[in-house]
Amino acid sequence: MALMIHNNLTNRKEEFVPIEPGKVKMYVCGVTVYDDIHMGHARSIIVFDVVNRYLRYKGYDVTFVTNFTDVDDKIINRANERGVKALDLSADYIRKYFEDVEKLGVRRADIYPQASTSMPYIIDMVKEIVDRGYGYAARDGSVYFRVRKIPDYGILSNRSIEEMRSSGRLEPNEDKEDPMDFAVWKGVKPGEVSWESPWGEGRPGWHIECSAMIRHYLGDEIDIHGGGNDLIFPHHENEILQTEACTGTHLARYWMHNGMLETKGSDGKTVKMSKSLKNFFKVEDVARKFDRFTIRFYYLNTHYSSPLAYGEDNMLEAQAALKRLWNNYRDLQACARDGPSGNGEEAAAAVEGARNGFVASMDDDFNTRAAIEALFDLARTTNRMLADRTLTAEGAKRVLGFLEEIDAVLGIFPEKEEGDGAFDDVMGILVDLRKELRKRKQYDLADMIRDRLSEAGYIIEDSADGAKWKKI
RNA sequence: GUCGGGGUAACACAGUGGCUAUGUGGCGGACUGCAGAUCCGCAUAUGGGGGUUCGAUUCCCUCCCCCGACUCCA
């Protein structure tokens with residue numbers, strides 16, 4: 001099956017064909033590290049984590065790069081407010097980022113470049129832009145990009161220069177040849193971190209770091225470039241210009257953008273979650289209430305490109321839905337341990353159907369929502385088999401094997417635990433003991449054992465033909 | 001204003017030119033000493049108006065509403 005990706009460059013769903021067969025170079029815009037990450041960032045991080053994981057599931061050799069913007073106005077301002085060095089502040093938030101991302105069950109990217117440590121590549125690229133006539137130095141030591149020199153301007157966001165001029169939002173700037181031009185290098189101002197450059201002391205413009213890092217770490221042209229859809233303009237548009245000025249390529253073959261996370265305001269309307277509106281939920285706070293599996297499930301239960309309104313009710317609903325999958329998972333584990341023996345063939349069709357559903361959905365522009373539906377179908381089917389007692393231990397193992405296989409992509413099932421034969425034997429004795437007590441109608445004792453085990457983290461579920469136990 | 005994305009049952013959220021998804025919640029059954037889990041069944045839907053079609057929720061046009069981008073932003 002072919003993987004299809006909705007490419008924002010063409011606004012069409014296209015078959016994914018990597019530049020180099022079997023290999024994928026992917027870059028996703030990371031965060032500006034001047035504060036803790038919030039649930040909106042978490043969405044982007046988890047979405048592209050799953051893209052990364054699915055590409056690997058498909059057998060691609062993926063190089064995944066995501067950056068930290070650690071040189072920026074907001075960082076400098078906040079550092080000055082707090083009386084600390086800008087790079088110390090950003091270093092703290094980078095450390096915090098990894099702590100938070102840990103709570104989201106995210107697989108690490110291969111490389112996490114930072115603007116501050118990529119300065120040689122950035123300066124080289126600015127130099128090349130100037131040398132090729134696409135950039136010019138202004139009196140204040142800044143370097144601006146000649147937007148009009150690249151006819152492709154607007155290719156990603158479907159804008160024309162004329163439209164933008166007529167929007168009337170451009171402020172004239174005497175240093176610029178054209179008000180549309182943007183800074184690739186900013187001359188230093190008092191109280192700012194800066195680096196030496198051919199244009200004097202200064203620091204990079206916002207867009208240049210991504211172009212430079214991509215070029216240095218991944219090459220002139222990459223397969224997938226991702227980020228939030230709020231970055232399409234101007235950030236990604238300008239990245240394209242900068243790279244095109246140097247290499248003549250479009251920078252990336254496929255552009256993917258996740259939808260914004262929103263919250264419901266007091267007026268009932270939804271609004272984008274953002275730091276400036278102060279309507280965000282920090283990852284660390286949400287992670288105190290909900291585990292990584294629930295948070296991931298919540299995001300993956302919607303297509304990545306759709307807008308999504310966050311609310312605690314929605315998280316609770318995700319928790320309830322995921323519990324259904326987990327109950328089934330635990331029951332399968334119990335069956336794999338204590339179920340009847342056989343060859344496991346009875347589970348083959350269900351597993352095959354689920355795998356086909358999963359792969360077909362994920363191949364269709366990473367439709368995790370539809371993929372999850374395949375999992376619910378599988379759960380219903382296997383629950384029925386468990387109730388019928390037609391599922392054997394071997395069959396249950398097959399299903400579990402499949403779930404572990406696809407969980408390498410989704411990351412929504414609990415970590416696999418090593419079985420302990422001796423412990424299982426002891427639990428078996430307790431289950432038998434309760435069976436005998438129940439037969440003698442000594443329910444108070446039977447219930448006491450059940451309650452105590454429950455307190456200890458083990459659930460016993462009685463049914464007509466015996467009991468089963470599982471860890472919570 | 002320009003560009004992009006949406007409007008689906010109580011809620012959340014998918015897919016599809018005819019077979020009507022999935023989950024949460026609700027209702028009714030089954031199972032059951034109780035608890036829990038599970039199974040079976042039921043109900044409620046495709047923003048408004050046109051058009052194409054034998055047939056549209058799905059395609060086209062138009063209108064309305066919502067969100068985002070155009071300023072830092074995942």
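In what follows, chains carry the letters A, B, and so on, assigned in the order in which the sequence lines appear, proteins first and then strands, with residues in each chain numbered from 1. Note that the structure is a prediction, hence the values are computed from the model and not measured.
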Taking A/Tyr93 as the fixed residue, which of A/Asp35, A/Asp70, A/Asp100, A/Thr32 is the one that meets the side chain to side chain contact (heavy atoms under 4.5 Å, CB included) rule? A/Asp35
Taking 5.5 Å and 30° as the limits, would you call A/Tyr443 and the base of B/G33 a stacked pair? yes
Which part of the nucleic acid, if any, lies within contact of A/Arg450, taking any heavy atom under 4.0 Å across all strands shown: a base, the sugar-phosphate backbone alone, or nothing? base
What is the nucleic acid contact for A/Glu461, judged by heavy atoms within less than 4.0 Å: base, sugar-phosphate only, or nothing? base
Pairwise C1' distance for B/U2 and B/C60, with rounding to whole Å: 23 Å
What nucleic acid atoms does A/Asp462 come within less than 4.0 Å of, heavy atoms only: base, sugar-phosphate, or nothing? base
Checking all strands, does A/His235 fall into the base, sugar-phosphate, or nothing category for heavy-atom contacts under 4.0 angstrom? nothing
Run the salt-bridge test on A/Asp36 and A/Lys282 with the 4.0 Å N-O cut-off and return the result as yes or no. yes
Nearest-angstrom distance, C1' atom, B/U24 to B/C65: 27 Å
Reckon A/Asn258 touches a base, only the sugar-phosphate, or nothing at all at heavy-atom distances under 4.0 Å? base
NA contact type, A/Thr32, heavy-atom cut-off 4.0 Å: base, sugar-phosphate, or nothing? sugar-phosphate
Cation over ring face, A/Lys275 and A/Tyr34, 6.0 Å, 45°: yes
Which nucleotide in B/C67, B/A74, B/G33 has an atom nearest any side-chain atom of A/Asp447: B/G33
State plainly whether the residues A/Lys468 and A/Asp331 are in salt-bridge range, i.e. N to O under 4.0 Å. yes
On RNA chain B, compare the nucleotides closest to A/Ser306 and A/Leu325; which residue's is nearer the 5' end? A/Ser306
Can you tell whether the side chains of A/Arg148 and A/Glu177 come within less than 4.0 Å, N to carboxylate O? no
With a non-hydrogen cut-off below 4.0 angstrom, is A/Leu308 in contact with a base, only sugar-phosphate, or nothing? sugar-phosphate
Which nucleotide sits closest to the side chain of A/Arg159: B/C70, B/A21, B/C67? B/C70
Taking any heavy-atom pair under 4.0 Å as a contact, classify A/Asp377: base, sugar-phosphate, or nothing. sugar-phosphate
Please work out if A/Val271 contacts a base, only the sugar-phosphate, or nothing of the nucleic acid, heavy-atom cut-off 4.0 Å. sugar-phosphate
Which part of the nucleic acid does A/Ile372 contact within heavy-atom distance under 4.0 Å: base, sugar-phosphate only, or nothing? nothing
